[in-house]
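These numbers were taken from a predicted model, which means no experiment stands behind them. In what follows, every heavy atom counts, from backbone to side chain, and hydrogens, waters and symmetry copies are set aside.
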Amino acid sequence: MKLISSTVALVLATASTLASAQDAAPRQYVNLSAFKWEASNGSQIVAAEFDGVDTVTGRIVDSAGTVEAQGFRLLTGYRLYDWLGIELHVGTEGDANFNIRQTTTDFTVVFPEDFDFTQITSVNDVNLDDFDLDLTTTDSQLPAKAELNQIWGFFLRPTWVPNKTFNLYGLLGYSYAKVDYQTEPSWYTVSERGLSYGVGAEVTIFPGVLGGGLNASVDYIRYLDGSELELDALSFGLGLRF
């Protein structure tokens, strides 16, 4: 009976110690990072008009470009459990010059005199061999400038903690970003929102300073993978748990 009582007391004491340690562990944290972002986008513009009654002239412009630049990101988070937290990311700044690749196709289509437009109900009904088709394609580089206007992201952060000074984590969330592009003489803006995911690592630095709450981190995140904008970021930062 005495052995059972001692065992129960030991279990209760251990549980109390663990609970106290859990309550004492920092739950909130902030991090300021310098990050390198890369954005890619593409577009197509089609313009055509009838020239008379049997000829269509027009132009197709395909544009694509990738830009890399540096910026800053601030995040704040809260540890719900030892293994799971939530984070809010805010990023901005960073601009760079780059080239947009353009492929321009000028076309002229001449229809036969006896062509019956009423028989066309879908694209599948069109046979280019029935027309007199003239295509002229040119490739060019268009100087441009891009600036990260803003990026917001909300994430779940599952974490693996092998020891007290190091942890690995994943990120899964939802983001919104806006990138401004300048091609002389005008600006245009591309924005996108969607699923985000990434991985990262964090290590405690100067354990004797600020209660061991100071840390360094690195992460790689695919913020967006949309039809108009793809945005990746590699970040290096300093954080504080409190």
Tell me whether [X] shares a hydrophobic cluster with [Y], the cluster being built from Ile, Leu, Val, Met, Phe, Trp, Tyr side chains joined at under 4.5 Å.
X      : Y      : value
Leu229 : Tyr174 : no
Leu210 : Phe206 : yes
Tyr81  : Val161 : no
Val190 : Leu142 : yes
Val199 : Phe155 : no

Looking only at heavy atoms, what is the nearest atom pair of [X] and [Y], with distance?
X      : Y      : value
Ala177 : Leu231 : CB-CD2, 3.7 Å
Leu168 : Ala201 : CD2-CB, 3.7 Å
Asn167 : Pro162 : CA-CD, 4.1 Å
Glu68  : Ala96  : O-CB, 3.2 Å

For this session: Go through the steps to decide whether Val179 and Thr189 satisfy the test side-chain contact (heavy atoms from CB on, under 4.5 Å), and finish with yes or no.
Result: CA-CA 6 Å; Val179 179; Thr189 298; over 6 Å; no
For this session: Please test Arg59 against Thr104 for side-chain contact (heavy atoms from CB on, under 4.5 Å), starting from the C-alpha separation and ending with a verdict.
Result: CA-CA 7 Å; Arg59 171 173 290 183; Thr104 303; 3.5 Å; yes
Does a donor on one side chain and an acceptor on the other come within less than 3.5 Å for [X] and [Y]?
X      : Y      : answer
Ser33  : Ser235 : no
Glu87  : Tyr29  : yes
Thr204 : Asn215 : no
Asn31  : Ser217 : yes

Exercise. Phe242 and Val30: side-chain contact (heavy atoms from CB on, under 4.5 Å), yes or no, with the steps?
Worked result: CA-CA 9 Å; Phe242 55 94; Val30 293; 4.0 Å; yes
Would you compute the distance between atom [atom1] of [X] and atom [atom2] of [Y] and round it to the nearest 0.5 angstrom?
X      : Y      : atom1 : atom2 : answer
Leu75  : Arg73  : CG    : CZ    : 5.0 Å
Asp180 : Glu147 : CG    : CD    : 6.0 Å
Asp134 : Thr57  : CG    : OG1   : 11.0 Å
Arg157 : Leu172 : CZ    : CG    : 14.0 Å
Asp106 : Thr136 : CG    : OG1   : 6.0 Å
Ile205 : Glu202 : CD1   : CD    : 10.0 Å

Exercise. Can you name the residues that form a side-chain contact (heavy atoms from CB on, under 4.5 Å) with Ser191, not counting sequence neighbours?
Worked result: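 Partners of Ser191 by the side-chain contact (heavy atoms from CB on, under 4.5 Å) criterion, ordered by chain and then number, come out as Tyr176, Lys178.
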Exercise. Quick one: side-chain contact (heavy atoms from CB on, under 4.5 Å) partners of Phe236, sequence neighbours excluded?
Worked result: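 Per chain and number, Phe236 pairs via side-chain contact (heavy atoms from CB on, under 4.5 Å) with Val218, Leu234.
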Can you tell if the side chain of [X] reaches within under 4.5 Å of the side chain of [Y], non-hydrogen atoms only?
X      : Y      : result
Ile86  : Leu80  : yes
Ile221 : Leu171 : yes
Tyr223 : His89  : yes
Pro143 : Phe98  : no

Exercise. Looking only at atom types and distance, does a side-chain atom of Thr92 sit under 3.5 Å from a main-chain N or O of Asn149, one as donor and one as acceptor?
Worked result: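 Yes, Thr92 side chain to Asn149 backbone: donor-acceptor pair under 3.5 Å.
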Exercise. Taking the side chain from Arg222 and the backbone from Asp232, do they hold a donor-acceptor pair closer than 3.5 Å?
Worked result: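 Not confirmed, Arg222 side chain does not pair with Asp232 backbone.
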Problem set entry | Tyr188, OH: over 12 other non-hydrogen atoms inside 6.0 angstrom |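 Result for OH/Tyr188: enclosed.
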Exercise. Heavy-atom count around Gln141 CD within 6.0 Å, excluding the residue itself: above 12?
Worked result: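 Check passes, neighbour count above 12.
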Expected list for residues 34-50: side-chain donor-acceptor pairs under 3.5 angstrom, two or more places apart:
residue	atom	partner	partner atom	Å
Ser40	OG	Thr66	OG1	2.9
Asn41	OD1	Tyr181	OH	3.2
Gln44	NE2	Asp62	OD1	2.8

Problem set entry | Ser196 vs Phe154, side-chain contact (heavy atoms from CB on, under 4.5 Å): CA-CA, chis, key distance, verdict | CA-CA 9 Å; Ser196 307; Phe154 183 76; over 6 Å; no
